[in-house]
Q: 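Before we start, here is the structure in question, set down as structure tokens.
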Amino acid sequence: MTVPAGMDIDIALDLAEDRVADVRIVPRRLPSVGALVAGRPAAEMLELVPRLFSLCAAAHGVAAQTAVDAARGIDVAPEVRRSRAAAVLAERLVEQLRGAVTGLGLLDQPPVAVAMRELIRASATFASAANAGVPEKLGAIDLIERALDQIGIAR
């Protein structure tokens, strides 16, 4: 595969006893988001932005939607603002937990690794349910609680 200049990524690993001891990643230089979305319909931009930032898709999606609402002069209802904030918070809490679980070496335990994957999926479900009705939100919360229980975090 031919990669355009400036779009490559360099990854260097140090191994100790066949385990990754250190990682150095120099990411590719992305074109500016503005250049990627300029001239596109707002709806297309709202789908694209979370995919560009997969590690914090909910936060970027909320920011993009908030910007579109502001540009359109839409006064968003307080319950919508709360739902969006909850989606970002759920995503952030998962990232914090993932960091703690990884730092403690708990991902070596297969049940914890499976539960973390479920928690990440549940958080994404919650984020997508942020503008949905109460049953969808409660279902997403239930998924999150079950994943936390699998990790061994009491309710």
Side-chain angles (χ1 to χ4, degrees), residues 4 6-9 11 20 23-155:
M7 296 299 287
D8 56 340
I9 184 168
I11 301 175
V20 176
V23 179
R24 289 172 306 287
I25 300 173
V26 179
R28 65 181 191 254
R29 288 176 278 146
L30 292 173
S32 74
V33 174
L36 291 172
V37 300
R40 295 179 186 246
E44 190 176 319
M45 184 270 304
L46 291 172
E47 290 180 20
L48 178 63
V49 167
R51 289 188 316 199
L52 289 173
F53 301 98
S54 60
L55 291 179
C56 44
H60 281 88
V62 165
Q65 184 63 62
T66 301
V68 168
D69 291 344
R72 290 178 174 160
I74 296 172
D75 186 22
V76 179
E79 60 270 11
V80 172
R81 285 195 304 271
R82 281 193 297 275
S83 290
R84 290 176 182 174
V88 173
L89 179 59
E91 179 179 72
R92 185 68 186 130
L93 289 173
V94 167
E95 288 305 312
Q96 289 291 319
L97 182 60
R98 182 183 5 210
V101 165
T102 302
L104 293 170
L106 298 177
L107 287 178
D108 292 342
Q109 301 173 23
V112 173
V114 168
M116 276 306 301
R117 284 192 295 276
E118 282 301 312
L119 185 58
I120 291 164
R121 275 196 284 291
S123 173
T125 300
F126 183 83
S128 66
N131 291 323
V134 171
E136 292 86 354
K137 290 177 191 172
L138 292 177
I141 290 169
D142 186 52
L143 290 172
I144 291 170
E145 288 176 344
R146 280 189 277 159
L148 290 173
D149 285 345
Q150 289 175 2
I151 294 171
I153 297 175
R155 289 185 185 195

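Hydrogens, waters and symmetry mates are skipped; everything else that's a heavy atom, side chains included, is used.
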Q: Of all heavy-atom pairs between A64 and M45, which one has the smallest distance, and what is that distance?
A: CB-SD, 3.9 Å
Q: CG of L106 to CE of M116: how many Å apart, nearest 0.5 Å?
A: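 If I round to the nearest 0.5 Å, the distance is 10.0 Å.
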Q: Do V80 and Q65 come within less than 4.5 Å of each other through their side chains, counting heavy atoms only?
A: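 Counting from C-beta outward, V80 and Q65 never come under 4.5 Å.
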Q: Looking at L48 and L36, what are the two nearest heavy atoms and their distance?
A: CD2-O, 4.2 Å
Q: Can you measure from CZ (R40) to CG (L46) and round to the nearest 0.5 angstrom?
A: 12.0 Å
Q: What residues form a side chain to side chain contact (heavy atoms under 4.5 Å, CB included) with A43, not counting sequence neighbours?
A: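 Not a single residue meets the side chain to side chain contact (heavy atoms under 4.5 Å, CB included) criterion with A43.
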Q: Between E91 and A59, what is the shortest heavy-atom contact and its length?
A: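 Closest approach of E91 to A59: OE1-N, 3.0 Å.
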Q: Would you find more than 12 non-hydrogen atoms of other residues, nucleotides or ligands less than 6.0 Å from E44 atom CD?
A: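 Buried by this count: over 12 neighbours within 6.0 Å.
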Q: Compare every heavy atom of P50 with every heavy atom of G61, then report the nearest pair and how far apart it is.
A: CA-CG, 3.8 Å
Q: Between the side chains of R98 and E95, is the shortest nitrogen-to-carboxylate-oxygen separation below 4.0 Å, so that they form an ion pair?
A: yes
Q: The test is side-chain contact (heavy atoms from CB on, under 4.5 Å); show your working for H60 and L52 and say whether it passes.
A: CA-CA 9 Å; H60 281 88; L52 289 173; over 6 Å; no
